[in-house]
*Asks:* 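Pasting a structure here, questions to come.
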Amino acid sequence: MLRHRPPGRRPPVTGRKSPCHGRDSGVADWLLVMLYDCRSLADRDRGVAAAVEAVKNGELVVIPTDTVYGIGADAFTPYAVKALLNAKGRDRQHPPPVLVGSRRTLDGLVFMLPSTARDLADAFWPGALTIVVEHSPSLQWDIGDTGGTVAVRMPLHPVALEVLRETGPMAVSSANKTGQPAAVTAEEAREHLGYAVRAYLEAGPCPEPVPSTIVDVTGEVPRVLRQGAIPLEKLRDVVPDIQGQVF
């Protein structure tokens, strides 16, 4: 079930300072930025719980994925998505993709799911394939100037999926400032993003830091918008008429 923004959410905190820059030592715990080492079972449980709570409160988190680390926010909280774009230094013309925790969630995001999208999701999800679909006009969200479409992916990473199954769809982009290399650890992401993020979940270096392949299924013929981890040949095993990326 897709969530709508509940009433009474606390608005985002602005002007947040690092404790290293004169912050009062009596600051509330929820203002502190935490990094959790999810390679430890106890820290993983605490980190996932902290990330879920932060997302539900409209704050930003950094999570590991099977490609690179991502900075994420509740997809149905406009001010959180705006904070994500601001943290990266992007504008509304570059809306973030949406990550989901199950294939079924994709059905709830679209008015009608093309068979090619379903075939691709069945073949490559969870995994490094992002599918661009026309989102349902009834969705109460604002993730930027999307033109009625949204890029959706289900990542192949247990920590990310654990978070997503509790939060629902999240707007997620690579955890770095625009123009900088993508972070392959949560520690690297913290160097990029600092106190813009409430909780960082560390799961070690990404084994294959290659971006996902992006396929657009909104036209008559599906086409690759960005070549990435899944090669065109494998895509054509599932959808023979898919068009390659135009350079």
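None of these values were measured; they are calculated from a predicted model.
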*Asks:* Taking the side chain as C-beta and beyond, is there a heavy-atom pair between Val110 and Ser136 under 4.5 Å?
*Replies:* no
*Asks:* Take a 6.0 Å sphere around CZ of Arg223 and say whether it holds more than 12 heavy atoms from other residues, nucleotides or ligands.
*Replies:* no
*Asks:* Ala189 and Val62: which non-hydrogen atoms are nearest, and at how many Å?
*Replies:*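 Scanning both residues, the minimum pair turns out to be CB-CG1, 3.9 Å.
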*Asks:* State the CG-CG distance between Leu106 and Leu113, to the nearest 0.5 angstrom.
*Replies:*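 Atom-to-atom, Leu106:CG and Leu113:CG are 5.0 Å apart.
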*Asks:* Check whether any side-chain heavy atom of Val224 lies under 4.5 Å from a side-chain heavy atom of Leu235, and answer yes or no.
*Replies:* yes
*Asks:* Go through it in stages, so that I can follow the logic: the residues are Glu187 and Tyr200, the test is side-chain hydrogen bond (donor to acceptor under 3.5 Å, both in side chains), and I'd like the CA-CA distance, side-chain angles, deciding distance and then a yes or no.
*Replies:* CA-CA 8 Å; Glu187 187 63 52; Tyr200 292 83; over 6 Å; no
*Asks:* Answer yes or no: are there more than 12 heavy-atom neighbours, outside Lys82 itself, under 6.0 Å from its atom NZ?
*Replies:*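 No.
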*Asks:* Taking the side chain as every heavy atom from C-beta outward, state whether Cys206 and Thr67 have any atom pair closer than 4.5 Å.
*Replies:*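 Not in contact.
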*Asks:* From Thr146 OG1 over to Trp141 CH2, what is the distance, rounded to the nearest 0.5 angstrom?
*Replies:*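 Here the rounded value is 7.5 Å.
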*Asks:* Do Arg236 and Glu233 meet the salt-bridge criterion of a basic N to acidic O distance under 4.0 Å?
*Replies:*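 No, Glu233 and Arg236 are not salt-bridged.
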*Asks:* Any side-chain heavy atom of Val217 within less than 4.5 Å of one from Leu120?
*Replies:* yes
*Asks:* Are side-chain heavy atoms of Arg153 and Pro97 found at a separation under 4.5 Å?
*Replies:* no
*Asks:* Listed by chain and number, what are the side chain to side chain donor-acceptor pair (under 3.5 Å) partners of Asp145, not counting sequence neighbours?
*Replies:* Arg92, Gln93
*Asks:* Is it true that Glu53 and Arg198 have a side-chain N and a carboxylate O under 4.0 angstrom from each other?
*Replies:* no
